[in-house]
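Since the structure comes first, as structure tokens, the remarks are kept for the end.
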Amino acid sequence: MASLIPCPHCGKRPKEEFTVKGAVLDRPAADATPNAWMDYVYLRDNPRGRYDEYWHHTSGCRRWLVITRDTATHEIEASRDAALARE
Amino acid sequence: MSEFRITLRPALGSVTSIVSENIALTPLPEGHVVHVLGKPGDEALAKRLGSLSDGSAHAVRAAGPGQWFIVGNAAKSHADMTALFEALKPDAYGVDQSQGRVRMLASGPMVERMLAKGTAVDLSLTQFPLGHSTTSVIGHIAAHLTRVADDAFEIMVLRGFAESLWDDLAHMSAEFA
């Protein structure tokens, strides 16, 4: 298991400090079709390999992070602050 | 009018401090704790906070990007607290956590080994220098750690968890005491 998660603010921390939210997806426009919203809310690819996920450092700095993780090997390629990276 | 008067009792009023050569654990006075919420990367604010604290060493502690705790052993009056909140504006907001968070001091040569039983943070002096602070979990309880001396850490925790965390720390200290 990927037990040490590199937080860009706190350094390496155990996964118990984090909450996983799931895949990083682009939010559809407010007036997108119901099908587009259905996809966004419910349907997931479950890929094998490289995967962008939202993680919340719940018991640490309380920031939302984007973690790039390999679902097969659990290797973590990158981690960044979800909000600060967008600016 | 309620039949009972609400009285403020210290969260760790009934515990016995641990005093020994290798490890010591003691509750700190429930003075003031102010949570400061600003913008991540605001260096000017970070510099200004020191002048707003009571001036004691390590009174301002980082708590994640754009957030700090200002702590002290003396209780603040409502007027003092309001003045502090006003002084923080417009860069940041202050939230009075004086009754929300409880501080305790762990010290002694074995303090790193004692805390390492409960948290995965690297507590070595090179990685966690004097004055550094961070939030982590000790066991299952989220706690804010600050190194206040080479062999002393202050641990700040939500009030409701204070007694439980104290019991855990006492248990973790037992072999060194």
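Every chain is numbered from 1 and lettered A, B, ... according to where its sequence line falls, protein lines coming before strand lines.
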Revision key, fill the gap. From the list B:Ser136, B:Ala120, B:Ala63, the residue making the most non-hydrogen contacts under 4.5 Å with chain A is B:Ser136
Revision key, fill the gap. Most contact-rich option vs chain A, by heavy-atom pairs under 4.5 angstrom, among B:Pro65, B:Gly41, B:Ala142, B:Ala62, is B:Pro65
Check your understanding: Any ion pair linking B:Glu175 and B:Lys117 (charged N to carboxylate O, less than 4.0 Å)?
Key -> yes
Review point. Under 4.0 Å between a Lys/Arg side-chain N and an Asp/Glu carboxylate O for B:Arg147 and B:Glu112?
Key: yes
Review point. Is it the case that B:Ser20 and B:Asn22 place a side-chain donor and acceptor less than 3.5 Å from each other?
Key: no
**Study point:** Pairing residues for B:Pro10 by the side-chain contact (heavy atoms from CB on, under 4.5 Å) criterion, not counting sequence neighbours
**Key:** B:Glu30
Point to revise | Contact class of A:Arg13 relative to chain B, heavy atoms under 4.5 angstrom | key: side chain
